[in-house]
Amino acid sequence: MSNNKLYLYPVWLRIWHGINALGIILLGITGLSMQYTNMESPLLKFSSAVSIHNLVGIILMISYFFFFITNIIKNNIKHYRISLNGLVNRLMKQGKYYVFDYLKGNPKPFHISEEEKFNPLQQISYVGAMYILVPIVIITGIALLYPGMIIEKIYSFSGIRLTTFLHSLAGFFILIFLIIHLYVITIGQHPLRNFKSIITGYHEAE
Amino acid sequence: MTTRLSPFLFFLFLFVSQAIILQAQDEEAIMPESNHVCLKCHGHKYYSFFNEYKDLTERKLMNPYFVIDSVSYLQGEHKGHSCTDCHSSDYENYPHIADLKIQPKMTCVDCHDFEVIATEVKKSVHVEAFGEFFHCELCHDPHSNKLVKSDMAELVLYNNNRCLNCHNDADKYQVFTSHENPQLLSTHDWLPNQALHFTRVRCIECHTSVTDTSDAVHHILPKEQAVHNCNECHSENSLLRDKLYKHQLKQDRSEFNFYNSFILNDAYVIGANRNYYVNLISLIIFGCTLFGIIIHVILRIIKRK
Ligand code: HEM
């Protein structure tokens, strides 16, 4: 068995991932609580929600920059380069696997290796989350922290309003990503196997 | 080519026509002729007069609090008035007669019927502390007072200056009391994004009663009763509805189904501006995700057998 183990998640990645996961969950809770705050039964006190959200947001921004740079330095970014060649085909294949083949017990269409640790669906969702959604949230988040930077009016709309809208929209999709991410990870030989990987760093290939 | 230029030309046209309209409005107001007598001296930092004793013309500094800015005078409600409508015509002579200094001046309620407001003012912390000595003109400079209605940013700035020109000016403040004026930046540091809040809401939003509406903006409450709870504004039934945005509320047609949409053109108040459709769509997406997962789980359990 031991020679079947792949070392896929180095220490820096695991530390970043841990901080990130915790942070996103906190941001989600405080963010939703702010959005749906009300007088009678606030989920959290509005002012505490704001302070926690701001603090965690800043920590997460730093941690994102760490991820962004280290990902390049350690060349983990190679896993994030989407090759367009037959992309749709590969996505369909993997999708078909999750919906039909996996349930029937058929084998996986793509095999994990140290060269290609993500399957096509994983890859596209990780790129979407890490290089589109999270940057949008960070940029709009900084702007909301220093509203002086925001253009007052875009036509007749308030600039802050558009910024906030973009911020909550991207935040919402990150939460959707998180839910799917959490579930897809349980797909495998054993539901908890992948969770072990992101803590120990080793992936047990079948 | 023309199609690409036309939006640009359109905006240019808008800009120019706006500029012309603004120009025209400015030109409409003309200072009443008789006021030039007074503004010769009160319109400038310096004034000069012929001193008959010394037989020469003297030039002196005008007390800065006695300078009347003619630009803001012409924007004010009383732009059509002569100075002598409210001030004794004896002021035309210089030096002014000593007795004028202590004669009562015309005040707002001498010409207008502001009884409701006057009774509210009497209940405010200021009048409680200083009596009638705290008069309307301290907040409503008769030489420039106006009601800003259209532009929300300007409205807030203008109204907060009514309070700040005294609360941020130690000299003016200490005409009334010997203690230092509290530093507003630090007394309000519990409010995050303070600079933003102070340009988006008026002081009176928090310093008058939550339930009272328009007329009661004059009933400034003791600081212990000021609004401290963020949810007074950051919630669906935001107090901003009855106060700051009362004019907008009248024309609110609930566009796009935003709660409190009348605020939206000027600000986005977290918690107060939720959109019904956005909420619905998020719920649907969220529901579909969960539904897909649950189906998959069920199939997994069945197939494992
Ligand atoms: C409690 C929350 C989370 C848990 C338990 C979790 C678990 C995991 C696991 C087990 C893996 C490795 C399996 C795989 O590659 O598919 C993984 C990888 C990954 N997760 Fe998460 N995750 C969580 C939250 C998040 C969040 C909030 C994000 C981003 C917004 C995220 C982004 C990623 C990325 C980018 C990878 C791939 C890392 C790489 O190898 O380069 N995760 N996660």
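For clarity, every value in this text was computed on a predicted model and none was experimentally measured. The sequence lines fix the lettering, A, B, ..., with proteins before strands; numbering per chain opens at 1.
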Output, in order, the C-alpha distance, side-chain angles, deciding distance and verdict of side-chain contact (heavy atoms from CB on, under 4.5 Å) for A/Tyr183 and B/Thr289. CA-CA 10 Å; A/Tyr183 179 66; B/Thr289 313; over 6 Å; no
Could you pull out the closest heavy-atom pair between B/Phe286 and A/Ile179, with the gap in Å? CE1-CD1, 3.4 Å
Would you call the rings of B/His234 and A/Phe46 parallel, tilted or perpendicular, where under 30° means parallel and over 60° means perpendicular? parallel
Show the atom names and distances, to 0.1 Å, of all donor-acceptor pairs under 3.5 Å that link a side chain in residues 185-192 of chain B to residues at least two apart or in another chain.
from, atom 1, to, atom 2, distance (Å)
B/Ser186, OG, B/Gln183, O, 3.1
B/Thr187, OG1, B/Gln183, O, 3.2
B/Thr187, OG1, B/Leu184, O, 3.2
B/His188, ND1, B/Leu184, O, 2.9
B/Trp190, NE1, B/Thr187, O, 3.2

Could you go through the side-chain contact (heavy atoms from CB on, under 4.5 Å) check for B/Arg300 and A/Thr186 one step at a time? CA-CA 11 Å; B/Arg300 269 169 84 176; A/Thr186 66; 3.2 Å; yes
Less than 4.5 Å apart, side chain to side chain, heavy atoms only: is that true for A/Val99 and B/His296? no
Pairwise distance CD1(A/Ile180) to CD1(B/Ile293) - rounded to 0.5 angstrom: 6.5 Å
Heavy-atom distance under 4.5 Å to chain A: side chain of B/Leu299, backbone, both or neither? both
Please report the interatomic distance CG(A/Leu175) to CD1(B/Ile285), rounded to the nearest 0.5 Å. 12.0 Å
Is the number of heavy atoms from other residues, nucleotides or ligands within 6.0 Å of NZ (B/Lys146) greater than 12? yes
Point-to-point distance, once rounded to the nearest 0.5 Å, from CD1 of B/Ile281 to CG of A/Leu169: 9.5 Å
With sequence neighbours left out, what residues match B/Asp69 under salt bridge (Lys or Arg N to Asp or Glu O under 4.0 Å)? none
Is it the case that more than 12 heavy atoms not belonging to A/Lys196 sit under 6.0 Å from its NZ atom? no
